[in-house]
Protein chains: 2
Amino acid sequence: METKPQDRLRKPRADAQRNRERVLEAAKAVFSVGGAEASLEAVARQAGVGIGTLYRHFPTREDLFEAVYRREVEQLAELAEELKSEPSPVEALRRWLRSTVQFVATKKGMMAALAIVMNANSELAAYSHGHLTRSIGALLTRAVDAGEIRNDISADDVLRALIGMCYMHDQTGWQQSVLRLLDVFVDGLRVAKGRA
Amino acid sequence: METKPQDRLRKPRADAQRNRERVLEAAKAVFSVGGAEASLEAVARQAGVGIGTLYRHFPTREDLFEAVYRREVEQLAELAEELKSEPSPVEALRRWLRSTVQFVATKKGMMAALAIVMNANSELAAYSHGHLTRSIGALLTRAVDAGEIRNDISADDVLRALIGMCYMHDQTGWQQSVLRLLDVFVDGLRVAKGRA
DNA sequence: TTGCTAAACGGAGGATACCTCCGTATAACT
DNA sequence: AGTTATACGGAGGTATCCTCCGTTTAGCAA
């Protein structure tokens, strides 16, 4: 009687985890191609699960957007962690920003999905905001401590600028434009420019 | 027989124009509150027209987004026109950017709708891009000609930065953040900073 | 292994929203 | 006032959403 079902939780079932993973993969693919309004039944079909399974794991469309997005954010956080070993703080910041641009470049319809879920779910905004802000914050603090950039700009500010720059990413040449903007922005951040 | 119906077009009916206007007003309101996925039947109800009327004027959801958005863009272009009389070119640019932030601040769910339509309809992107680019371009050229800012940044670049900065506009304090970013950006644009 | 049970699966089906179609109403013109 | 092109509105067919529940299966204990 030492293992009453209420007390000791069972190990989660393997098929549940597997199916959850399958649905996430399928969702990423389907939304990237078909945009935010793609059919959820199509996602279930692509994942090879029943529609009921999809809804059990992700009760709303937004939940699904959310789960897909969370993964992406975590990958960006890892990248920031790696860049801490870059010698020049300003260059580390610049390179993270540039890498993020590349990262975003592979998505497409996901941006609209992101816009929807950000609008509806402020908890997710907080989550991703937290992750990304911490990533940027670490890079930023190093650069400020080294006296290389001004200290009145927060990580939130940088994040906002970055996301914004990637926003209109469906026009030709957008990558060049964004990379140029990032340089302007980083220049604007620098101290010791001998201002008049 | 001098007025065959094929040759001489009738004046468009007054009720048609009126209803179109009503639907646009209703759509702006409904999408702002309910987001991009709001029911079109709700829009028709709010406008006081039949669902058929809505669809005749705007065959797809995207067409409706588009029409609403076009108006907004035109208003911004008018603002730029007025600002041409501002004495300091850099200040004119800065003020247009700031005013645009205020302008965006009144919308809400419209941003997600915008993301969708921009993603799907590149013609609209071109239209708004053209309008806004011309607006910014005029302000920018004045400032460059006056030797006040660097000349290797295009109006496209500025537009991209601006839209981006307004992107995450659902977080508290976003306006302060954006206004701060704009100052950084304009600082980054300035020439004659005595670079090391 | 075998049996037991909680957990997960899947898809039928009611509800909702989309969108077309066409009979009715009405503004513009003579 | 009569004529006609134009617009209106909503019924209804279709697609998608999402819930509910009978069936299946993975984990656990003996």
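Below, chain A is the first sequence line, B the second, and so on; all start at residue 1. Nothing here was measured: the structure is a model prediction, and the numbers come from that model.
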[X]: salt bridge (charged side-chain N to carboxylate O under 4.0 Å, His left out) partners, not counting sequence neighbours:
X: A:Asp145; result: none
X: A:Arg134; result: none
X: B:Asp63; result: none

Nearest heavy atom decides the nucleotide; on that basis, is A:Asp15 or B:Gln17 closer to the 5' end of DNA chain D?
B:Gln17

Taking [atom1] from [X] and [atom2] from [N], how many angstroms apart are they, rounded to a whole number?
X: B:Arg13; N: D:dC8; atom1: CZ; atom2: C1'; value: 8 Å
X: A:Arg18; N: C:dA7; atom1: CZ; atom2: P; value: 18 Å
X: B:Leu54; N: C:dC18; atom1: CG; atom2: P; value: 10 Å
X: B:Glu62; N: C:dC18; atom1: CD; atom2: C1'; value: 12 Å
X: B:Lys11; N: C:dT30; atom1: NZ; atom2: P; value: 12 Å
X: B:Leu64; N: C:dC19; atom1: CG; atom2: C1'; value: 14 Å
X: B:Arg45; N: C:dT16; atom1: CZ; atom2: P; value: 11 Å

What's the shortest heavy-atom distance between A:Trp96 and A:Ser135, and which atoms?
CZ2-CB, 4.3 Å

Under 3.5 Å, which donor-acceptor pairs link side chains of residues 76-87 of chain B to any protein atom two or more places apart or in another chain?
residue: B:Ser85; atom: OG; partner: B:Glu82; partner atom: O; Å: 3.0
residue: B:Glu86; atom: OE1; partner: B:Arg95; partner atom: NH1; Å: 2.6

Any pair with a residue in residues 22-51 of chain B that passes salt bridge (charged side-chain N to carboxylate O under 4.0 Å, His left out), sequence neighbours left out, goes on the list, sorted by first then second residue, please.
B:Glu25-B:Arg71

Give a yes/no on whether any side-chain N or O of A:His57 is located under 4.0 angstrom from OP1 or OP2 of C:dA8.
no

Contact letters for nucleotides 9-19 of chain D, in which S counts primed atoms plus P, OP1 and OP2 and B counts the base, heavy atoms under 4.0 Å:
BBB-----BBB

